[in-house]
Chemist: 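This is the structure I want to talk about, given as structure tokens.
Since the structure is predicted, the reported quantities are computational estimates derived from the model, not experimental observations. Excluded from the calculations below are hydrogen atoms, water molecules and symmetry mates; all remaining heavy atoms, backbone and side chain alike, are included. Letters A, B, ... are given to chains in the order of the sequence lines, protein chains preceding strands, and every chain is numbered from 1.
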Amino acid sequence: MIRVIGIGSSFGADQLGWLAIEALQEVALPDLELIRLDRPGSGLLRYFEDVERVLLIDAVATDSEPGEVKLLNPADLSQASCLTSSHGFGVAEALALAKTLETLPAELWVAGIAAGNDHSSVPDLNKQQLLDLLARLTKDVPTTWKSA
Amino acid sequence: MASKREIHINIPVLTRVEGEGALEFDVVQGVIQKLNLRIFEPPRLFEKFIEGYEYDQVIDMVARICGICPVAYQMSAVQAFERLFGIDPGPWVRDMRRVMYCGEWLQSHALHVHLLAAPDFFGFDNAIAMAEKHPQAVRRGLRLQGLGNDLITLFGGRSVHPVGVRVGGFYKAPAQAAVADMVKQLEEALPQAEALVRWCAELDFPHDEQAFTSVALSEPDEYAIGSGRLVSGQGLDIDISHFESHFEEFQVSHSTALHTQLEGRPYLTGPLARLNLNFRQLPKPVRAVMEDCGIHFPSHNMFHSILARAIEIHLVIYEALQLLKAYQRPATPAVQVRPRAGTAFGCTEAPRGFLWHRYDVDERGDTRRVRIVPPTSQNQARIEQDLCASLESFGLDHDDDELRQRAEQVIRNYDPCISCATHFLKLKVSRR
């Protein structure tokens, strides 16, 4: 079982994480637990409890084609906010805290959906890439980043 | 001996506060000449957005003002409309709103104590660095924060911008089984809250006694959260509807948030002010742990704010537990509402201090004019006053980095929520 967590908000391209969860709900793949979170900050760590495998999906600012879905190396995520506030406590900070507290799941993947340049509009999610990604993960394709 | 060098310090972005602000101060001949807490988040104009909406829509709209304290906004608004409409929703609604509010204090205080304030006392830059040396403390903070969010969700459907509160009561009463599960979690959390108070009591607090006026809601028979009269340490004792006769809001050029003064002077609102005025109303088990730790209030040391938050965490877990142990699901979670025209006043204690609302309402229950006075804007003048005294007491001969760190710690004592108030810190110190 993989816990798939779509992170986002109702604003512009930040919806992409939620839209990914909605797309997965439509295809009803087996052995997935689908969760939508609204900017959880440090609260993300709760969702690493009692689960071995977690896939995080979030919108990312990147030069890739808008809507494109790619696996990221969590170590590459920047803590750009330098923890300026809990408002600035994003996914990178939550993962860094979880790593320090040794509460990362045994297997963790982070998928980024390219938000495009205009963050106020929502690009079309590449659903096929999302499904291909899930297919690879459920077959244990070694494109994983492990907490060890 | 005070430094004679000329100092100009600019902190362009304050860290570990909610929202964005800056601090700038100039020191000439060892004296602070100018000190501005600059709040530059754009005004959010919520009061104007809300005009023309019906009372129950307002309850959900004001929740959007803050992601940390949405319950406070809802509770001040719902209290205002119910007072105007002459509605008494009864003891069940009153108790369950207090429980929901306990959830908000718990999540907000647990976050601030463990992730924002505590690293200062141990010399860490942030909570992630602190977690390496104090993992159990940080884990406790996250657990308590999560429990607070769960309490809000129990009544509000979700913890961010909850939707369960309505004028007259709630849209839905939680199921008995969900409440029983929450009681179990609160029972497990109670020893953690006691441990937190003991942990905070052992912190190395700077000695920095200052004279200031505390203002808070107060009730004779309970620690005021969702109701009460506005009282101060200097003899103020008024109904909330008389707020505008005693408190003045005004604009300063360096802040997009209005400053507030009581009878022309800065004042403190928030956990330390509440403890100073209402510690006698704390339940016996909470006072017993304080006495065992040698904790005494009132205090005029703002660095005791973290301790005040820890005590309030103990309070809200204890209170929520007592109220939910007696939970009985009602036949209906709300009473009927008939709107009437007039001016509605509401005031409750948000995690950061009292939150005052006024709504001019027409006969259909639609708002015509709105005024909201959040705690952080009220504390701005007091923060500037505190910084001048604290930094001079700390010693202006410290280097810029030390002054910057101390200034930020002083500001964090107030747990400012700038996003709410703009309606916050980068430091700029000029030495000449």
Chemist: Taking C-beta and beyond as the side chain, do A:T100 and B:P135 meet within less than 4.5 Å on heavy atoms?
Modeler: no
Chemist: Can you tell which part of A:L45 gets under 4.5 Å to a heavy atom of chain B, answering side chain, backbone, both or neither?
Modeler: side chain
Chemist: Looking at every non-hydrogen atom in both residues, tell me the closest pair between A:L101 and B:A131 and how far apart they are.
Modeler: CD2-CB, 3.8 Å
Chemist: Is any side-chain heavy atom of A:R46 less than 4.5 Å from a side-chain heavy atom of B:D150?
Modeler: yes
Chemist: Has A:D132 got more than 12 heavy atoms of other residues, nucleotides or ligands less than 6.0 Å from its CG?
Modeler: yes
Chemist: Are A:T103 and B:L142 side-chain neighbours, meaning at least one heavy-atom pair lies under 4.5 Å?
Modeler: no
Chemist: What closest approach, in Å, do A:S42 and B:L115 show between heavy atoms, and which atom pair accounts for it?
Modeler: OG-CD1, 3.4 Å
Chemist: In Å and rounded to the nearest 0.5 Å, what is the CD to CZ distance from A:E102 to B:R139?
Modeler: 7.0 Å
Chemist: Contact part of B:E132 toward chain A, heavy-atom cut-off under 4.5 Å: side chain, backbone, both or neither?
Modeler: both
Chemist: Quick check on B:F121: does its CZ atom have over 12 non-hydrogen neighbours (other residues, nucleotides or ligands) under 6.0 Å away?
Modeler: yes
Chemist: Are there over 12 heavy-atom neighbours, none belonging to A:Q25, within less than 6.0 Å of that residue's CD?
Modeler: yes
